[in-house]
Amino acid sequence: MPSRTELAFFVVNTHGGWLVRADGYVYGPYPSFEIAVSSAVHEAQAAGLLGFASVVLTQATTGQPYIAEWTYGHNPYPTLT
């Protein structure tokens, strides 16, 4: 069975708004957590379709641990309505 490359999409809060970071790329800023997560899930879904084991990780506050918000192949797409 071929291995899949892992690709994490990190949703973080900054002084300029919410950002999504993945593999050296930065998306945003977004005005809200929900919009940033929705964008991250969209990008992670596309990456999953290309063969990546993608996951969306969120961090509500700087210094707090990341939480797996969405995982390709385990969570339905889209997660937000």
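Pairing each heavy atom of Ala44 with each of Val56, the nearest pair is CB-CG2, 3.8 Å. Nearest heavy atoms, Pro29 versus Leu19: CA-CD2, 3.6 Å. Nearest heavy atom pair, residue Ser54 against residue Ala47, reads CB-CB, 4.3 Å.
Atom CD of Gln45 sits about 5.5 Å away from atom OH of Tyr72, to the nearest 0.5 Å. Rounded to the nearest 0.5 Å, atoms CZ (Arg21) and CD (Gln59) are 9.5 Å apart. Distance CG/Leu57 to CH2/Trp70: 12.0 Å, rounded to 0.5 Å. Distance check, rounded to the nearest 0.5 Å: OH of Tyr30 to OG1 of Thr14 gives 12.0 Å.
Note: the hydrophobic cluster containing Phe52 also contains Leu49 (ILVMFWY, side chain heavy atoms under 4.5 Å, direct or indirect links). By the criterion of side-chain heavy atoms lying less than 4.5 angstrom apart, applied directly or through intervening Ile, Leu, Val, Met, Phe, Trp or Tyr residues, Phe33 is not grouped with Ile67; the two fall into different hydrophobic clusters. The hydrophobic clustering, which links ILVMFWY residues whose side-chain heavy atoms are closer than 4.5 Å, places Val55 and Val41 apart. There is no path of hydrophobic side-chain contacts, each under 4.5 Å, that joins Tyr25 to Val12.
When each of Thr58, Asn75, Val11 is tested with Glu69 by the rule side-chain contact (heavy atoms from CB on, under 4.5 Å), just one qualifies, namely Thr58.
Tyr66 and Phe10 have perpendicular rings, their planes meeting at more than 60° on a 0 to 90° scale where under 30° would count as parallel.
Distance alone, capped at 3.5 Å, places no donor-acceptor pair between the Trp18 side chain and the Val37 backbone. Without hydrogens or angle criteria, Ser32 side chain to Ile35 main chain gives a donor-acceptor distance under 3.5 Å.
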**Request:** Evaluate side chain to side chain contact (heavy atoms under 4.5 Å, CB included) for Leu7 paired with Asp23, printing each intermediate quantity in order.
**Result:** CA-CA 7 Å; Leu7 182 57; Asp23 198 29; 3.6 Å; yes

